Structures are given as structure tokens and as C-alpha cells.
Amino acid sequence: MIDSQIPVIQDKEHDKEKELEMLKGLKTVGEITAPNPRMTCRNVNVYYSGVQAIFGVSLDIAGNEVIAMIGPSGCGKSTFLRCLNRMNDTIEGCRVEGEITLDSENIYGSKIDVVPLRAQVGIVFQKPNPFPKSIYENVAYGPKIHGLTQNKAELDEIVERSLIKAGLWGEVKDRMDKPGTGLSGGQQQRLCIARTIAVSPEVILMDEPCSALDPIATAKIEDLIDELREQYSIVIVTHSMQQASRVSQRTAYFHLGYLVEVGPTPQIFTKPRHRLTEDYITGRFG
Amino acid sequence: MFRKTSLLAAAMLLSFGLGSVDARSSRNYISIVGSSTVYPFATTVAEQFGRTTPYKTPKIESTGSGGGLKLFCAGVGVEHPDITNASRAIKSSEVQKCKANGVSGIVEVKIGYDGIILANSKKTQPLKLTRKDIFMALAKDVPDPNGGEKLIPNPYRTWKDVNSSLPDIKIEVLGPPPTSGTRDAFVELAMEGGGKTFDFIKAMKKTDKKRYKAVCHTIREDGAYVEAGENDNLIVQKLDANPDAVGIFGFSFLDQNADKIQGSFVDGAPPTFDAIADGKYPVSRPLFFYVKKAHVEAIPGIKDYLAEFTSEKAWGPEGYLAEKGMIPMPENERKKFYKNVQTLQTIPMP
Amino acid sequence: MNRVAVNETISVMKPKRAIETVSKGLRKRYRAERRFRMLGLAAVIASLLFLTIMFISIFGNGYTAFFQTYVKLNVYFDPETLREDTLARADYPGLVKKTMRAMFPEVQGRRDKRNLYKLVSSEAAFQLRAMVLRNPDIIGQEIPVWVPADDDIDMLMKGHIRRDVPESERRLNDKQLAWLDRLSADDRIQTRFNWTFIRSGDSREPELAGILGAAVGSFLTLLVTLLLSFPIGVAAAVYLEELAPKNRWTDLIEVNINNLAAVPSIVFGLLGLAVFLNFFGLPRSAPLVGGLVLTLMTFPTIIIASRAALQSVPPSIREAALGIGASKMQMIVHHVLPLALPGILTGTIIGMARALGETAPLLMIGMVAFIVDVPQGFNDPSTALPVQIFLWADSPERAFVEKTSAAIIVLLGFLITMNAAAVMLRKKYERRW
């Protein structure tokens, strides 16, 4: 076990190097496996142009659960999230090692095509990013490119259903042909969620989905996440520990690329077992 | 009028593939290149020809005499021009090049003369120059005024320095650049004519021809002579703005701007139509065009174009080319070249 | 000063001094700001001034070219000269001369008669011929016909030739002026809109010279340029920006494209001469070859503009598309290109506008030429607007001065239209995100 001897050194880089040295060989505290996992990650290492950003992370994502990833800035939680649907492929010089499976199939295997993978593992980004097209087009785009519908009526139905699920239908049903970029921030983010669920994914990744929103919009999204759990597995990266405690069943704490601790959310926030976790949730650093 | 876009793709394809063959195998208009001095006259004839005959109006490119002859001598075939205009006679080196490329039958047609004018603004007095004055004012090296056969760098600043009867005005001459046919003719006729008046320079022609040419043809570069570009209209405008300057250009520009500028007398002769026509005005040059004999039969309309050009109503003293400022040839010369055209008399090949 | 006083001063001065320094500096800062603003304003005013001067001088010189002096002749279509069988080849110039003589019966002597005939354009004879061929019934009638005046008359009427200089310095002599005054008094001289200038090709007679041939030549040339350079440029930009791996080779290509965009246009003309004319044997002076040469010149500009436009598309849109499973091609075609389009179009139109104004490369491929017939296709000999300006500027006739300015007006009209189109397209397709 590592003590909370956080050395107070002015030189940040040196500080980080020293910390990394101390973290070397860290074993995750807590139960990383889950019964009936949707996705499993084993010993995942990620490098950006040769610099290691994720160190041997192993974690299961169960069906119908919300798992929150927390940790200080730069701890690698977003990087890890983006490994789950291979969004990291788009970053020049990024290399992923280890094994990540979706329904027992290695998503980094040579036979896997990223296009269907991303249809199965959808993602919602930090900043709402609707397409500069109509609200209808935003939601219909995914089903259209994947050929999920036979005709306009089916497409209309998917769009309506997705918007209802995202809790946006009532607000936009009269202006489906208006641009999605004209909505408010919270509405835009729910539109992005509707767009993601329109292609019926199994897992939804959310990368700090509320950090650009006001508290009311945040509350709506959090309610939505809770409802979506009935159908999807949700992995959410968040800066807000309150949010993590409100929406998630399990919480994983990342520190400098290591998965330090994972466990049921109430336990992480009340009785953290690792010193680093405790320091973080008690606000000693972060 | 324009083909639609749908046809465009086909047109492109055609031009890249078949089009190249097409372009080589036929042409239904006469292609003319050459001198920018002859351009206004040739285009006038071409337009007249186009309106009065069933043939298309010839295409005339203004490439300069040298450029025109280069294109002309590149070979026989529809991708090469049929006729080239020149403000000087073809050189023997060019004839050789023509021959090497299979262009062996060349018909030379002299069409008239162009006077080269030294003009200044109407706001001052006309200059009365001699060719010797011109040489002394513009040559790079001039004979030592202290006598002897020595050449010294041109020391003259004003026209009065050159000749005490001339006004006390700074020498400032706007003229064409060396690439121009007008410049060639000017140095040959005016400068060389002036240089020859010195016996020792004249003697040089026999002993050291190269040196003779260099002395007579080299224009001073100390700012007294300004290369004003090929655009003669521009020179006219500059003269209007600067009464002290003298400009060099072709007669037709004087003809058109007689209210703004006046020509200088050279060797006592005024630069008038009549004086140039009867040879009194010394600085005039012949204008030519050259026809590829092999094309006369192949390209429709060349014969009629030649007939139009050599008709009295075109190149005669009362013809429309005279109207445009070309100086016609005397009658016996016109007769001679008319006969040459009728019989397609070619120039001798080396 | 005693110690207490000093201490007091310090305690009082300290905060005051900081504010004083700030406000002293403030004045200086504002002064600098004002200076900068004045400089900027002066620069804008200066450029607007030059633009205005340019427009005023061009329009002032050129607008008269859109008008032309016409002379009314009472033409008796004499059945003697116009026989049924030779209508097309009858002596129409003779008919014009006869009409003129009839109007001025007192004019005697060969020289005076010639000067009299010079009052009207040579076009008059062709006009009469066309009238007779269209309607042979007019033979035997006397009909008033408006024919264009000769360019010298036109210049005189427009005030470009002065009457008050001695006779020898005018292109029109006193007698001609007297005849003109008589025609004027009889209401036989009129200035009308010059449709000939809009509707016909080049001519050596200024009163007959028109801009249409050059305008059509420019249009055809630019059409070829657009159809080739736009797809090539955009495809190259998309490949380099979105698909190509970033390595030394693509860096090299990028540097070379930038170099290509900076190459003087005459070089492309030489290249066109060597490749398209000499190697492929395409016809000289054709808009097709002109378009190809201008394509070489334009597409580096389009590539550079398109790449900048593609780069400016926010990564969040790309992630959004990829995130719901769009393939790379779908991401580019559905989302990135539409967003980059305004920038690409602007770059394209700027490139095209530059191509529209080029003469140098066209010189080498024979498009600097006298061409009377309006081109009908991509292989017909043709010229272009800037070339026409160049050729007219170099013509000795006084009347071509105004034609030159008028041709510049037409060219500027084209350019302004194209730039307006660029602005409109940008407004139409610009989306906020």
C-alpha cells in the first residue's frame, strides 16, 4: 500500500515522475470483474507517440449498470473510455495494447470493423456536438447510414422513439426541421444522446456529458442516465463526485493512468480502501 | 450557342483522344502569326477578306517578327501557321531553319513601308535632326569631340551639346526595348545611318564588321534612352505629359495623334506620308509577309487572302491600308510583288 | 523632514503612486490605441480612394464606348444596281457612295468625294446588303436608314477629337466638319446605344469592334478550368487533409503544392505550349488549351484554400460522425465537406477570378490573336477578355482608347459578379456550430 506522502515539490514534472515511480506495479484494489460482463478489459496499456498513458488496466463492464470513472485531470479516464469503442484510432500515434472484448469478442482483433463496433458502443461527448442539420436529420443519421430502416415510416418511428427516450420529444416535436444547433446546451446534449441510442447500441460511453451544462440541464441528463440503465450499459467519465454517486452503481478511480480502486459506488465514497482514493474524495487533491 | 455541360465531357474526351488527330487533319481558317507592326494592317485585310468571301476570318496572332518566323519555320502541316508577318526581311539563318524543318517553298511578299518617327509634344517646337545627331545623342560610345579616331562614352547631356542649332533641352528619349522590331529598324536605319557619317567608323565596316555593328547599334544605357515597353500608345501619352521628351514609334501612331504630337524632321525631310512614300524620309523600313507555298492549296482561302492583300484597294496609294497608316510601295514595286504572288514565286533556298 | 513625516508620506503615497503610474500609462496606452485606429482608418480611406479613382477614370473613359454615333441616309435602293440574280454580290459600297453623293450634290473632285464617303463606316454597305437580302421588296424604294458613323466622326461627336485645332492636325478636315454640321442641322446624326459592342467579335474598325468574342472565349476557357480544377483540387485537398498519412512524403507534396501556387503564370504557359500543343497536338488558340493551362495555375490555389477550409471544420463534428459509426468516407462526404464548402467555394472563385485576369500564359498558346468570329466551341480559335484589353490598348486608332476602358469595365463586371457569387454562396452555405 502506498501512503499519502504526496511530496510538495515545485517542479511538477519531477513530481509526476516520482509519483509514477511509486505507482509502478500497482494492483487495483477491489473487484474488477462483474457477473455477466458486457465488456471486459484485460491489462490495457495505451501509448501516445510512445509515452504510456494507461498502465495495465483491467475492468469489466456489466450489463445494465452505470459505471462511473473518476480521478484528477490527466488521470487517463477519458483515454480509457475512448479505447472502448476505438475512438482513439483517430488520434495520430496512439497505440493500444491488451485485450478489450465486447460480448466475448476482442474489439482490437483483426476481424473487427470499427463501423459496426461504434454502432454497438455509442459515445456522447463532453461538449454537445449536434450536426449542423435539422433535429430530425441528427437523430435519423445513424439509422440511415447503417440501413436500419426500410422506409420513411420506420425511420420516423425510430427518431420519435429515440427522442422520447432521451426526454426531448415533448420539447422538439413541433420543430423537427429546425437546426439542432439552435437548441439550448442541455437540449443539444440530450439530442446527442438520442442520436446515439437511435442506432440501438449495447453500451453508451459518456465523456463528462454534463460539464458544459447548467445544474438544471445536468439534473435532467442524470435522470435520463438512470432511465437508460434499464436497456444499456453506461460508462460515464465525470469530474463531479456528487454526480458519480448519484448516477452510478460502480465507481472506478483512476490516478496517473492506473486504475487504483474499483468498487460499488457507496463503498468507494464512504469507505475507500486505497489512500489515493481517499485523498481524492476527501478533496486533498484533484 | 454554347454546348451544354452534358456534351462537355464528350468534348473533353474528343479533344484529348480523337481531338488531337482532328486538329491535325483539318483547319478551315487561315492561321497567321508575326510582327506587331504589321498586325494592324494584316488584321484589316483579314477582316475585309472575312466579310467579303465565304471563308472564315483568318486568325492573326501578334507574336513579333522573330517569334512569328520561329513558329512559321517549325514545319509543314495544319498545326503550323500558313503566313507570318514581319517588319524585317527573313534572315538566312531563318531560311535554313525553315529548310531543315521541311518548309522549302516560301513566298516573300513586301507590302509597304513603315516610317519610324521621332516625335515630341505639340507644346514645343519640332526638332530638326540629322541621322548624325540621332547617333550622337543616343549611341553608347561616340567619337571624341576633340578629334582623332578615338571613341569615348557618350558625354552629351542636352540636344544643344550634340548640335548647337538644337534647343537646350535634356536628351530624354522614350523608345522600344530590344525585343521590338521597331528598335531593330531604328538602330539599323537611323543610328547606323548616323554612324556612317564618320569616315573612320564607315571604314570599320570593311575591316572589323563586328565592331562596326557594336558601335552603330549600341544604345546608351545611362538613362537618356528609356525603354518604354512595346505599347506605343503609352509613349504617346508620356510625350503629351512631358514636352521635353522625344518618343520613337511607328508612323501610324503619329497619324492617329497628330493633334498631340509632332514628328521631327530627319535629314531635312518631314515625317509625312508623302515624304516616306517617295523615300525622302530616311528612317523607314519595309514590311513583309511570308507564305508557305505548301499550304496554299491545302488551306481554303489563302489564294483569295493573297489576292485581297495585293489588290489596289488594299495596298494601293488610295487603299484602306494607307488609311490605317501603312506607307504604300511605288507602283513598279507593287507590280513586281503582285506578279510574285500570282506565280507563287518562292525565295531561293541555300 | 522628520521620521514621522516620512513614514506618513510613504503610507499615503504608496497606493496613490500605483494609481498615478497606471493613469499616466493609461494616457499613453489610449494614445497608442488612437494612433493605431487612425492608421487603420487612413489605410482604408487610401485604398478606397485609389479604388474610386480607378473606377472613375475607367468609367469616365469607357462609358462612351457603349454609345455610337449613327448617321441617317436616305437610301434609294436602285433596281439598276440591284439585279435579282446578283443580290448577294451587288455593289453595295457603290450604293452607299451614290447615296452620299445625292445628299451632297455640290461635292466635286475625287479627293473631296473620298472624304465624304469616309463619314460613314464601311459597315453601312454590309447593313444595306443584309436589308436587301432579308426583304428584296424594298428595291425601288427610298428608305431612311441609320448607319454607324466612321470612328473619327464618332470620336469628334464624343469630344475626343477637338475642333479648335488647325486643320492639318485633325484627322477630319474643315469640309468634313461642315458636312457634319449640315447633317446635324438636318437631324441626321444621333447617338444610340452601341449594341454592336455587346453583340460582336473583334474588328479593326473601332466602330464595329465588340467584346462578345472575348467574353465567350473567357467563358469557355473558365468553364474548362472550373470543370477540371475544382474536382481535382478538392479531391487532392481531401486526400491530403483527411486520408493521407502524415509523413515526409506528404510534407514534401504539401511544400511543392505551395511552391506551385507561387509559380509565375507565364511558366504555366510555356508548360502548356510544350505539353498540350507540342506533345498532345491540341489546337493552338483554343479555349480548351487555355482552360487546361489555367487549370494548372488554379488548382494549387484551390487545394490550399480547400485544405484550410477542411482544417477549420471542428473536430467535434468529425468525432460525432465517427462516434455513431460513420465510416471515414461518410464522415467526409456527409459532414466535413458540406461544412468546408463555403471556404472551398470562396477559394475556388478567387482562383477563377485570378485565372480570368491572366494574359501571360495565354500568350504562349496563341490566344493573343485577332479573332473576328465568336467562338462556337472549345476547339475554335478564341481570345479572352484581358487579352482583348491588351490588344486594343496597343491599337493606334484613337477610338480604341475608349473601347479599352469599356472592355475593362466588362472584365470588372465579370470579376464583381464572381466575387458577389462567392459572398452569396458563403452566406447560403455557412452554418454555425
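In this text the structure is predicted, and so the values were computed from the model without any measurement.
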Identify which part of Ile161(C) has an atom lying under 4.5 Å from any heavy atom of chain B, answering side chain, backbone, both or neither.
neither

Any donor-acceptor pair under 3.5 Å from Lys324(B) side chain to Arg204(C) backbone:
yes

Counting only heavy atoms closer than 4.5 Å, note whether Arg129(C) contacts chain B via side chain, backbone, both or neither.
neither

Less than 4.5 Å apart, side chain to side chain, heavy atoms only: is that true for Arg284(C) and Ser31(B)?
no

With a 4.5 Å cut-off on side-chain heavy atoms, are Asp259(B) and Arg398(C) touching?
yes

Name the option with the most non-hydrogen atom pairs under 4.5 Å to chain B; the candidates are Arg162(C), Lys118(C), Arg114(C).
Arg114(C)

Closest non-hydrogen atom pair, Ser285(C) against Lys59(B)
OG-NZ, 2.5 Å

Given a strict heavy-atom distance threshold of 4.5 Å, which part of Leu254(B) is in contact with chain C: side chain, backbone, both, or neither?
neither

Contact part of Gln262(B) toward chain C, heavy-atom cut-off under 4.5 Å: side chain, backbone, both or neither?
neither

Give a yes or no on this: more than 12 heavy atoms of other residues, nucleotides or ligands lie within 6.0 Å of atom CZ of Phe390(C).
no

Give the minimum heavy-atom separation between Val372(C) and Thr57(B), together with the two atoms involved.
CG2-CG2, 3.4 Å

If you tally heavy-atom pairs under 4.5 Å against chain B, which of Leu363(C), Leu391(C), Val165(C) wins?
Leu391(C)

Least distance between heavy atoms, Pro396(C) atom then Phe253(B) atom
CA-CE2, 3.5 Å

Heavy-atom closest pair (Glu61(B) atom, Ala369(C) atom, distance to 0.1 Å) is CG-CB, 3.5 Å

Looking at Glu331(B), I'd like to know if its CD atom is crowded, meaning that more than 12 non-hydrogen atoms belonging to other residues, nucleotides or ligands lie closer than 6.0 Å.
no

Would you say Asp394(C)'s side chain and Asn233(B)'s backbone share a donor-acceptor pair under 3.5 angstrom?
no

Taking atom NZ of Lys113(C) as the centre, report whether more than 12 heavy atoms of other residues, nucleotides or ligands fall under 6.0 Å from it.
yes

At their closest point, which heavy atom of Glu47(B) faces which heavy atom of Glu205(C), and how far apart are they?
OE1-N, 3.9 Å

d(Lys56(B) NZ, Asp380(C) CG) to nearest 0.5 Å is 4.5 Å

So what's closer than 4.5 Å to chain B heavy atoms on Ser395(C): side chain, backbone, both or neither?
backbone

Under 4.5 Å heavy-atom distance to chain C, tell me which part of Pro58(B) shows up: side chain, backbone, both or neither.
backbone

Checking heavy atoms, do the side chain of Tyr320(B), its backbone, both or neither come under 4.5 Å from chain C?
neither

